[in-house]
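All chains are named by letter (A, B, ...) in the order of the sequence lines, taking the proteins before the strands, and each is independently numbered beginning at 1.
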Amino acid sequence: MVTLTINGSEHKVEAEPDMPLLWAIRDLVGLTGTKFGCGMAQCGACTVLLDGAPVRSCQTFIGDVGNAKVTTIEGLSGKVAETVQTVWADLDVPQCGYCQSGQIISATDLLTNNPRPTDDDIDAAMTGNLCRCATYHRIRAGIHEAAKRLEA
Amino acid sequence: MIPKLMQSLVLPVANAKASRRQFMLGALAAGGGVAVGYHILASSTAAASETAADGNKAVAFTPYLTIDNTGKVMVLSSQFEMGQGSYNGLATLVAEELDADWSSIDVQGVAGNVKAYGNVAFGGAIQGTGGSTSMVTSWERYRKAGAAARAMLVAAAASEWGVQPAEITVENGVLAHPSGKTAGFGAFAAKAAAMPLPVDVKLKQPADWKLIGNAKLKRFDSTRKTNGTEQYTIDVNLPGMLTAVMIHPPMFGAKVKSFDAAAARSVKGVVDVVETPRGIAVVGEHMWAAIKGREAVKVVWDDTDAEKRSTPELMAMYKDLAGKAPVAIARKDGDVDAGFAAAAKVIEATFEFPYLAHSAMEPLNAVARRNEDGTLEIWGGHQFPDVYQMLAGQIVGITPDKVQLHVMKTGGSFGRRAVFDGDVVVESVYVAKAIGFRAPVKVQWTREDDMRAGRYRPSYVHTLKAGIDGDGKLVAWSDHIVGQSIMAKTAFDGMIQNGVDPTSVEGANNLPYAIPNQTVGLTSTDVGVPVLWWRSVGSTHTAFAAETFIDEIAEAAGRDPIEYRLSMLDPQSRHAVVLKLAAEKAEWTKPLPKGRFRGVSVAESFGSVVAQIAEVSTDDSGGIKVERVVAAVDCGLAVNPDQVRAQVEGGIGFGLGAILGEEITLTSGKVDQGNFDVYTPLRIDAMPVVEVHILASANPPSGIGEPGVPPIGPAVANAVYKALGKRIRTMPLAKSFNA
Ligand code: FES
Ligand code: FES
């Protein structure tokens with residue numbers, strides 16, 4: 001039995017400590033916004049925040065989470081995140097949308113730490129998030145637009 | 001093996017008109033509101049049409065949209081949504097004619113009535129999403145359904161208010177009369193169902209369109225894709241559902257000889273380990289249990305019939321074949337031998353293309369459940385629904401109509417979910433059956449399964465030869481294509497005429513250039529690697545070979561690549577027009593800063609023509625980066641211009657990833673790549689700035705999901721040649737430097 005704090009609520013999950021957080025979130029807690037893409041920290045679809053810092057939940061094991069607070073796309077909040085989400089819809093960034101929970105969490109983290117990122121900053125911060133629909137052009141535009149709105 | 005029944009589904013495209021005649025608008029009361037769609041007549045004869053017009057309802061009714069008593073409009077989409085925006089396109093057609101409130105629109109995928117949802121572009125007798133045909137098949141039908149629904153709402157309001165229908169206006173989901181009376185659609189949805197069908201449905205004139213062609217219209221489904229609420233197949237969670245992972249044969253064509261699941265069964269959470277015709281399934285309470293259980297299963301394979309060759313061996317065979325005479329001829333104009341004999345200069349080149357994986361972000365999956373009444377339900381990305389109903393029904397021993405498909409949205413597809421053998425869909429049924437239908441089962445592939453279990457863009461070799469005369473004029477051209485046929489041994493093999501699979505040669509046998517003598521030959525190979533259409537299909541390789549070779553010829557002739565192409569095109573042709581537009585927008589004739597180089601290409605696919613100009617830069621170590629791409633697009637009328645733009649942006653990223661680094665290789669029959677560490681789709685740092693210019697057009701919409709892909713490879717390769725002086729003929733690109 002492992003206790004996880006996800007989006008502010010405690011969940012007791014019946015699982016071995018080597019279970020990736022991804023599958024605990026999806027299959028045991030039932031939050032499906034966090035996606036499976038590769039299982040080996042190569043695509044970023046499973047990105048969640050652990051005490052506010054982005055991690056790949058497919059390579060984070062529930063036995064190692066301890067008391068850290070997990071935030072998934074469903075629990076993402078605050079001015080930066082909400083601005084990113086609004087801009088994403090305004091610019092129609094998503095195509096299939098499957099990678100976008102991870103993209104939005106990574107983008108939110110970038111803008112939280114770097115309110116005025118350059119294209120190079122964006123490339124460096126977002127390169128771990130694959131988008132097979134290649135919505136990258138709009139992801140870049142979305143991050144710049146969110147930065148602008150947050151500054152205003 | 002293809003079931004007999006399935007073959008009967010596939011009619012030649014020539015029958016499209018006949019099947020269209022079977023459609024007759026209809027409406028029914030449904031759930032407190034109205035459903036508008038089509039009656040499908042038992043026969044396509046005019047006599048039958050008249051019978052139905054007389055009110056004979058003994059024909060199937062299939063809804064295309066519903067309006068409930070809250071005014072919510074649900075579009076029922078025959079087209080599957082994988083990110084390409086087909087749902088949004090269909091919603092636009094319906095909402096336009098309905099004058100609906102855009103925010104009241106939603107879309108649901110439907111399947112299960114071949115006749116009603118048949119794809120017109122495929123002959124009307126099979127429901128399917130592919131070939132960038134969603135708008136082609138929906139353009140008339142969905143607009144008419146929307147217009148009919150609007151007329152019935154107006155009739156209902158007129159009768160209730162005691163006014164003339166003509167006096168009622170509809171805007172943004174509100175019915176209004178000059179007397180001051182107003183109402184939403186919900187107020188009249190039920191009454192509308194009782195109104196007579198409009199006799200003559202009038203569609204709006206283009207000048208009156210508010211949504212079609214509106215570049216500011218936002219996708220109806222973006223918000224749900226930003227907050228984690230969009231539901232994909234992987235998110236299906238039924239009461240008591242189990243999750244299975246597969247152990248597929250390590251080589252294509254290998255079979256299970258024996259397996260030992262004792263250790264796997266003792267893994268916590270593993271429920272069962274079963275054999276299916278497609279491999280061993282490890283069934284768990286959840287995905288992680290199934291994955292851990294799988295690691296503990298020992299399988300002995302019988303590889304007697306397996307494909308055991310390696311990539312170098314296959315490539316050597318392909319190149320050898322490419323040097324011989326082709327087995328089939330896909331195009332023959334003039335006398336090519338005489339053309340070469342008379343030419344002042346002859347150029348030859350050989351191109352090599354690897355297998356490519358679709359690698360959609362959502363690995364393949366499906367969920368199957370058997371109900372007490374014997375029916376079967378399957379949740380999945382049903383890109384070929386009729387086929388899946390039939391295959392699933394055969395496994396269970398029920399008729400296709402007893403198989404209910406839930407059409408889920410999927411995280412991409414790029415063609416991968418349109419398969420003849422139903423792969424993951426039938427797996428879910430096999431596994432559910434193997435455990436005695438005691439629980440619903442989700443079969444979920446891991447990334448490695450998705451990459452190694454086959455269905456690739458076939459590997460090809462092209463040999464091209466061109467002859468120019470003393471003035472540099474292109475007088476002879478031959479292209480010999482060697483590679484596997486996608487359609488052979490499938491339900492579509494009737495499409496293969498005179499040994500030519502159209503998907504192997506499209507883009508090569510319809511070159512737009514005026515070349516007096518040309519042949520396009522094909523040699524289809526027999527290799528045990530499963531292949532499939534991959535976003536833009538034949539044009540993924542044909543456009544590359546042709547458009548880089550044209551550049552080479554232009555250089556040999558001492559001509560500018562755009563001017564040379566234009567000299568072989570009718571100035572009014574769509575190719576010439578998009579080329580000129582791209583040249584203008586990219587300022588083709590303006591010198592570039594030092595270290596920047598341009599390349600151009602133009603290609604037609606799925607009824608649309610796209611020209612692209614790529615700008616690349618080099619760094620000191622000889623690395624190249626694609627900085628900017630200017631695209632000019634003629635896709636007929638752009639229903640959703642911003643989505644046309646999005647598809648071209650995405651198509652460029654998709655195609656660029658392939659030429660820069662994607663490759664599936666085999667070693668002794670085993671696929672070498674398993675995950676994104678070694679199979680490398682484009683990442684954001686390699687994404688160029690993209691500019692898309694859409695040609696204004698009054699022609700009906702043509703494809704857009706795929707046509708953005710073909711030109712990017714050759715445009716970049718032509719720019720790289722300018723930068724580094726090296727012709728790019730072996731994919732992925734880096735291989736050309738080592739060759
Ligand atoms: S699923 Fe975790 S990074 Fe891909
Ligand atoms: S939007 Fe489809 S994978 Fe990113």
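In this model, a donor atom of one side chain and an acceptor atom of the other lie less than 3.5 Å apart for Tyr679(B) and Glu662(B). A donor and an acceptor atom, one from each side chain of Gln84(B) and Glu706(B), are nowhere located under 3.5 Å apart. In summary, the side chains of Asn7(A) and Thr72(A) do present a donor paired with an acceptor at a separation below 3.5 Å, with no hydrogens or angles considered. Side chains of Asp120(A) and Thr118(A): a donor-acceptor N/O pair is absent below 3.5 angstrom, by distance only. Inspection of the Thr540(B) and Arg457(B) side chains reveals an N or O donor paired with an N or O acceptor under 3.5 Å.
Using a cutoff of 4.0 Å between basic side-chain nitrogens and carboxylate oxygens, Arg645(B) and Glu649(B) are not scored as salt-bridged. Electrostatic pairing of Arg138(A) and Asp642(B) counts as a salt bridge here, judged by a charged N lying under 4.0 Å from a carboxylate O. With respect to the salt-bridge test (charged N to carboxylate O, under 4.0 angstrom), the residues Arg140(A) and Asp123(A) qualify. Using a cutoff of 4.0 Å between basic side-chain nitrogens and carboxylate oxygens, Lys292(B) and Asp18(A) are scored as salt-bridged. Electrostatic pairing of Asp449(B) and Arg294(B) counts as a salt bridge here, judged by a charged N lying under 4.0 Å from a carboxylate O.
Lys409(B) does not touch chain A: none of its heavy atoms, backbone or side chain, sits under 4.5 Å away. Residue Asp119(A) does not touch chain B at all, counting heavy-atom pairs closer than 4.5 Å. Interface residue Ile291(B): only side-chain heavy atoms are found under 4.5 Å from chain A. When heavy atoms are compared at a cutoff of 4.5 Å, Ala360(B) approaches chain A solely by way of its backbone atoms N, CA, C and O. Using a 4.5 Å cut-off between heavy atoms, Leu28(A) touches chain B through its side chain atoms alone. There is no contact between Thr135(A) and chain B, counting heavy-atom distances below 4.5 Å. For a residue to count as touching a neighbouring chain, one of its non-hydrogen atoms must lie under 4.5 Å from one of that chain's; by this rule Glu448(B) touches chain A with the side chain only. Neither the backbone nor the side chain of Phe220(B) comes within contact range of chain A, judged by heavy atoms closer than 4.5 Å.
Considering only heavy-atom pairs separated by less than 4.5 Å from chain B, the leading option among Gly30(A), Gly37(A), Gly33(A) is Gly37(A). Counting heavy-atom pairs closer than 4.5 Å to chain B, the top residue among Thr34(A), Leu76(A), Asp90(A) is Asp90(A). Note: Arg26(A) leads Arg26(A), Met126(A), Gln103(A), Glu14(A) in heavy-atom pairs under 4.5 Å with chain B. For the set Ile104(A), Leu31(A), Leu130(A), Ile73(A), the entry with the most heavy-atom pairs within less than 4.5 Å of chain B is Leu130(A). Highest contact tally toward chain A, considering only Thr226(B), Ile684(B), Leu656(B), Asp685(B), is held by Ile684(B) [criterion: heavy-atom pairs under 4.5 Å]. If you tally non-hydrogen atom pairs under 4.5 Å between each of Gly657(B), Gly651(B), Ala646(B), Gly653(B) and chain A, the highest count goes to Ala646(B). Note on Arg224(B), Met361(B), Glu230(B): by heavy-atom pairs under 4.5 Å with chain A, the leading option is Met361(B). For the options Val689(B), Ile652(B), Asn675(B), heavy-atom pairs under 4.5 Å to chain A are most numerous at Asn675(B). Counting heavy-atom pairs closer than 4.5 Å to chain A, the top residue among Ala686(B), Gly674(B), Gly412(B), Ser359(B) is Ser359(B). Taking chain A as the reference chain and counting heavy-atom pairs below 4.5 Å, the highest number among Lys268(B), Gln231(B), Met287(B) is found for Met287(B). Each of Tyr136(A), Trp23(A), Phe36(A) has some count of heavy-atom pairs under 4.5 Å with chain B, and the biggest count is that of Tyr136(A).
Residue-environment remark: NZ (Lys69(A)) stays at or below the threshold of 12 foreign heavy atoms within 6.0 Å.
The side-chain contact (heavy atoms from CB on, under 4.5 Å) with Thr410(B) is formed by just one residue from the set Gln383(B), Arg416(B), Glu362(B); it is Glu362(B). When each of Phe414(B), Phe654(B), Tyr456(B) is paired with Trp534(B), the ring-ring contact (aromatic ring centres under 6.0 Å, His included) condition holds for Phe654(B) and for no other.
Inspection of non-hydrogen atoms places Asp235(B) of residues 235-244 of chain B under 4.5 Å from chain A.
Among residue pairs with one or both ends in residues 102-117 of chain A, those qualifying as salt bridge (Lys or Arg N to Asp or Glu O under 4.0 Å) are Arg116(A)-Glu151(A); sequence neighbours excluded.
Side-chain atoms of Glu81(B) come within 3.5 Å of backbone atoms of Ser86(B) as a donor-acceptor pair (strictly under, hydrogens ignored).
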